[in-house]
Amino acid sequence: MAWHRIPVKVFEISGMKIGGSLGELPTVLIGSLFYSRQIEVRNHQRGEFDRVRTAEIVREAKSLSERTGNPLVLDIMGYYPEAMKNYLRFIADVADCPILLDGSDTQTRLEGLEEAERLGMCSRLIYDAISPDTSDEELAALKDHKIESAVVMAYDKSDFTPEGRVRALTGKGDKQGLLRLVERAGVVKPLIDTVVLDVPSIVLAGEAIRLVHENFGYPAGCSPANATYEWKRSKMDSTWKRSFDSCDASANVALQLMGANFLIYGPLKAAKYVFPACAMADAMIAYQARKHGIKPLAKDHPIYKIF
């Protein structure tokens, strides 16, 4: 691991701390619920699902978070407004951790904001996401609902290099940068997603994380699951199919070693192998950080929990 000590802001979201330099805070792990292929979901339009089994999946992930010290965020994926509202009502009853509000379209996200307001959950929300396609209506809604944190999708369709991701944040020429949209939305705790497109691009996203840290000091991460769960060979070749869990976990760990503050790791139920792998990586990172005068900022950091 090539060590780099770069000051990174620490944000607190509903009691959870995210950010910091390598070795200071454990990686925040974000697991998804109600995604398109989740077998527990019976009807994506109405938001009907197996509540008993889904509650069990949430409890299992929460238990792993407590045992490892890695904070848990629930990524609530809704494809229709009615479904999103049903999901938020359910989560309000079964979990108190931060929530990634992840609607498939503008209307679903906006109605999700309204429901979160009714449920008193806005302080727990991380809006997903502010991107080059975010409308003025969404920016205004974020400000009206006083949403403090949002994922910012750092990408430029004309330049997928790590440097291009940084330029997407600052703007280029007459093109407005994403950080300007963040300001307009009143978001004060941006989490920069450096965008994974396919398996090879995971390393580019990792390099972009370092550039975000260097240039802005904001917490940064990405979603390796966007690539690993669409990796065709892992579905067709028996060797890779049998090894998928370990390959998927290694993609997350590789990004931790490149400085990721958060990872969207895919289905929440994958917590059973992602949390232990990432906790071990965080403990090793924190151990090396001691040599550089850096100590964990959290008493429940994995270095104190898993050995």
Out of curiosity, Ile99 CD1 to Arg124 CZ, how far, rounded to the nearest 0.5 Å?
-> 4.0 Å
Would you please test Leu110 and Glu137 for side chain to side chain contact (heavy atoms under 4.5 Å, CB included) and show each step?
-> CA-CA 9 Å; Leu110 291 178; Glu137 183 184 12; 3.4 Å; yes
Do Val212 and Val10 belong together in a cluster built from hydrophobic side chains that touch within less than 4.5 Å?
-> no
Verify, without hydrogens or angle tests, whether Asn261 (side chain) and Ala220 (backbone) share a donor-acceptor contact under 3.5 angstrom.
-> yes
Counting distance only, does the side-chain N/O of His301 pair as donor-acceptor with the main-chain N or O of Glu24 below 3.5 Å?
-> no
To the nearest 0.5 Å, atom CG of Leu139 lies from atom OH of Tyr127 at 8.5 Å
Check the hydrophobic clustering (I, L, V, M, F, W, Y; side-chain heavy atoms under 4.5 Å; chains of links allowed) and say if Leu297 and Met16 are grouped together.
-> no
Judged by atom type as modelled, is there a donor-acceptor pair below 3.5 Å linking the side chain of Asn70 to the main-chain atoms of Ser65?
-> no
Quick one: closest heavy-atom pair of Gln288 and His292, and the distance?
-> O-CD2, 3.4 Å
Do Leu197 and Ile202 belong to the same hydrophobic cluster, where Ile, Leu, Val, Met, Phe, Trp and Tyr are linked whenever their side-chain heavy atoms lie under 4.5 Å apart, directly or via other members?
-> yes
Would you sort out whether Glu214 and Arg210 count as a salt bridge (Lys or Arg N to Asp or Glu O under 4.0 Å), showing the intermediate values?
-> CA-CA 6 Å; Glu214 287 179 346; Arg210 182 181 63 82; 2.6 Å; yes
Under a 4.5 Å cut-off applied to non-hydrogen side-chain atoms, are Val195 and Met153 in contact?
-> yes
Would you check if Glu82 and Gln45 make a side-chain contact, meaning some heavy-atom pair closer than 4.5 Å?
-> no
Sub-4.5 Å side-chain heavy-atom contact between Phe34 and Phe90 | yes
Do Phe160 and Tyr155 make the cut of ring centroids closer than 6.0 angstrom?
-> no
Do the charged groups of Glu48 and Arg42 touch, with an N to O distance under 4.0 Å?
-> no
Does any donor atom in the side chain of Tyr80 or Asp105 lie under 3.5 Å from an acceptor atom in the other side chain?
-> no
To the nearest 0.5 angstrom, please state how far the CD atom of Glu148 sits from the CD atom of Glu12.
-> 10.0 Å
Identify the heavy atoms of Ala154 and Ala168 that sit nearest to each other, and give their distance.
-> C-CB, 4.3 Å
Which heavy atom of Ala141 sits nearest a heavy atom of Leu113, and at what distance?
-> CB-CD1, 4.0 Å
What distance separates Ile18 CD1 from Ile13 CD1, expressed to the nearest 0.5 Å?
-> 5.5 Å
Main-chain N/O of Arg290 paired with Lys295 side-chain donor or acceptor, under 3.5 Å | no
Under 6.0 Å from the CZ atom of Arg89, do we count more than 12 heavy atoms belonging to anything else shown?
-> yes
Is it true that Lys272 and Glu60 make a salt bridge, defined as a side-chain N closer than 4.0 Å to a carboxylate O?
-> no
Output yes when a side-chain donor or acceptor of Ser32 lies under 3.5 Å from a complementary backbone atom of Tyr35, and no otherwise.
-> no
What do the steps show when you test Asp102 against Ile76 for side chain to side chain contact (heavy atoms under 4.5 Å, CB included), and what is the final call?
-> CA-CA 6 Å; Asp102 188 3; Ile76 306 305; 5.9 Å; no
Are more than 12 heavy atoms from other residues, nucleotides or ligands located less than 6.0 Å from atom OH of Tyr287?
-> no
Can you list every pair that meets salt bridge (Lys or Arg N to Asp or Glu O under 4.0 Å) and has a residue in residues 298-307, with sequence neighbours left out?
-> none
Measure the OH-SG distance between Tyr265 and Cys222 for me, rounded to the nearest 0.5 Å.
-> 15.0 Å
In terms of heavy-atom contacts, Ile264 and Pro224 come closest through O-CD, 3.7 Å
Taking the side chain from Ser201 and the backbone from Leu204, do they hold a donor-acceptor pair closer than 3.5 Å?
-> no
Would you say the side chain of Leu263 lies within less than 4.5 Å of the side chain of Val28, judging by non-hydrogen atoms?
-> no
Indicate, with yes or no, if Met77 and Leu88 share a hydrophobic cluster defined by side-chain heavy-atom contacts under 4.5 Å among Ile, Leu, Val, Met, Phe, Trp and Tyr.
-> no
Counting only N and O atoms by type, is there a donor-acceptor contact under 3.5 Å from the side chain of Asp248 to the main-chain atoms of Thr228?
-> no
With no hydrogens and no angle check, is any side-chain donor or acceptor of Arg165 less than 3.5 Å from a backbone partner on Thr194?
-> yes
Got Glu40 and Glu56 here, is their nearest side-chain heavy-atom distance under 4.5 Å?
-> no
Hey, does the side chain of Thr170 reach the backbone of Gly177 with a donor-acceptor pair shorter than 3.5 angstrom?
-> no
For residues Val8 and Tyr218, determine if any side-chain heavy atom of one lies less than 4.5 Å from a side-chain heavy atom of the other.
-> no
Separation between OG (Ser149) and CD1 (Ile126), nearest 0.5 Å, reads 4.5 Å
Could you tell me whether Met280 atom CE has more than 12 heavy atoms of other residues or ligands within 6.0 Å of it?
-> no
Residue list, ring pair (Phe, Tyr, Trp, His ring centres under 6.0 Å) with Phe262, at least two apart or on another chain | none
SB check Asp136 Arg184 (cutoff 4.0 Å) = yes
Counting distance only, does the side-chain N/O of His145 pair as donor-acceptor with the main-chain N or O of Ile147 below 3.5 Å?
-> no
Could you tell me which non-hydrogen atom of Leu74 sits nearest to which non-hydrogen atom of Cys97, and how far apart they are?
-> CG-SG, 3.6 Å
Look at Arg167 together with Glu163 and state whether they make a salt bridge at an N to O cut-off of under 4.0 Å.
-> no
Considering residues, nucleotides and ligands other than Lys17, do more than 12 of their heavy atoms fall under 6.0 Å from its NZ?
-> no
In one Ile/Leu/Val/Met/Phe/Trp/Tyr side-chain cluster, 4.5 Å: Leu22, Ile303 | no
Partner residues of Val182 under the side-chain contact (heavy atoms from CB on, under 4.5 Å) criterion, sequence neighbours left out = Ile130, Val152, Leu179, Val187, Pro190
Measure the shortest side-chain to side-chain distance between Leu29 and Val73 over non-hydrogen atoms and say whether it is less than 4.5 angstrom.
-> no
Are Arg118 and Glu111 ion-paired here, with the side-chain N under 4.0 Å from a carboxylate O?
-> no
Go through Leu33 and Phe49 one step at a time and tell me if the side chain to side chain contact (heavy atoms under 4.5 Å, CB included) criterion holds.
-> CA-CA 11 Å; Leu33 277 173; Phe49 59 98; over 6 Å; no
Would you name the heavy atoms of Pro302 and Ala279 that are closest together and state the gap between them?
-> CB-O, 3.4 Å
Centroid-centroid under 6.0 Å between Phe244 and Tyr229 rings = yes
Given Gln256 and Ile285, is the side chain to side chain contact (heavy atoms under 4.5 Å, CB included) satisfied, shown in steps?
-> CA-CA 9 Å; Gln256 288 179 279; Ile285 290 168; 4.2 Å; yes
Side-chain contact test, heavy atoms from C-beta onward, threshold under 4.5 Å: evaluate it for Tyr79 versus Thr108 and give yes or no.
-> no
